[in-house]
Amino acid sequence: MGVYVVTGAASGMGRQAADKLRAAGHTVIAVDVKEGDVVADLSTESGRSQAAAAVLAAAEGRLDGAVMAAGIGPTPSAEGLRRIVEVNYGGVVDLLQALRPALASSGNAKVVVIGSNSTTTTPTVPRRTVRALLDGDLAKAARSLRLLGPVAPALGYAASKIAVSRWARRTAVTPQWAGEGIRLNVLAPGAIMTPLLEQQLASPREAKAVNAFPVPVGGFGDAGQLADWMLFMLSDSADFLCGSVIFVDGGSDAYFRAADWPASVPLRRLPGYLWRFARFGRSRR
Ligand code: NAI
């Protein structure tokens with residue numbers, strides 16, 4: 001049986017994942033701002049350091065996996081844009097970087113980052129916000145959203161999820177992660193019935209947008225089913241899954257983006273592609 005850290009374990013999908021892991025006999029270190037084994041605010045650097053130290057102590061330096069589900073939705077609130085990017089990006093990246101040695105210790109760890117299908121279905125997400133996040137400048141990322149008016153939370157949310165998904169894909173394939181036996185992947189849900197979605201549905205304006213959003217299979221996703229996907233991605237069956245983004249969204253991503261990907265490497269990317277090809281071949285020899 002393994003030891004797993006689950007952030008956002010007090011509610012919604014994180015709670016379901018933690019319950020299912022415990023029911024399967026694993027030990028869960030639950031992290032959340034509300035309640036859990038580690039109560040920490042992942043919206044600040046000090047909260048993230050405190051969380052990482054407490055998790056490492058509880059895990060005694062060895063983790064079999066992680067579910068990074070703590071997140072803030074796109075609902076406008078007093079919490080502000082800064083908090084969205086701090087929790088959704090910093091709360092994943094900083095914590096995982098601090099936990100990496102403990103994940104490597106197990107030799108076969110699995111990490112599931114909860115992304116979102118807002119990454120591919122939200123129009124005009126500012127590239128500068130995504131860039132600032134990937135550069136580690138979270139204050140700049142939040143500032144870049146300020147003038148976007150009422151759509152800023154939705155764009156900030158999508159930007160945070162694009163950035164964290166790209167970070168996961170870039171990081172997953174490196175020697176420090178893939179090479180150390182850690183499998184890092186992203187689960188990208190559509191609208192799942194959790195307190196986060198309920199909060200959106202409580203606002204008539206947001207409810208209208210959520211209900212009008214195309215979902216080919218209809219309705220909303222179930223948090224327990226999403227947790228089953230997470231458990232699968234944490235299992236030995238996922239040994240060959242690395243840097244993937246798995247959409248479980250009732251078909252919305254396919255509805256909007258069927259022609260966009262999978263796609264071949266475009267001509268302008270060929271030099272970078274060939275360089276990586278050659279570099280990987282050399283490192284294998
Ligand atoms: P939820 O609101 O039920 O759970 C989120 C948890 O994160 C809560 O327990 C909350 O206390 C915790 N959290 C929030 N801020 C925190 C902070 N500063 N420090 C520590 N913990 C904090 O939401 P849900 O729906 O279960 O969301 C889980 C993940 O799934 C989030 O990353 C969310 O962005 C993502 N997601 C949710 C979708 C949905 O429709 N519910 C759709 C796509 C992605």
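Start at 1 and go down the list; that is how both ligands and their atoms are numbered.
Looking at D228 and K20, a side-chain N of the basic residue comes within less than 4.0 Å of a carboxylate O on the acidic one, giving a salt bridge. The existence of a salt bridge linking R257 and D260 is confirmed by a sub-4.0 Å separation between a basic side-chain nitrogen and an acidic carboxylate oxygen.
In this structure, M13 CE and L197 CG are separated by 9.0 Å, a value rounded to the nearest 0.5 Å.
Around ligand 1 you find G8, A10, S11, G12, M13, D32, V33, K34, A40, D41, L42, S43, A69, A70, G71, I72, R83, V87, I114, G115, S116, Y157, K161, P189, G190, A191, I192, T194, P195, L196, each with a heavy-atom distance below 4.0 Å.
Checked against the 6.0 Å centroid criterion, the rings of F256 and F213 qualify as a close aromatic pair.
The aromatic rings of F247 and W261 are tilted relative to each other, their planes meeting at an angle between 30° and 60°. The aromatic rings of Y4 and H26 sit perpendicular to each other, their planes meeting at more than 60°, with 30° as the lower class boundary.
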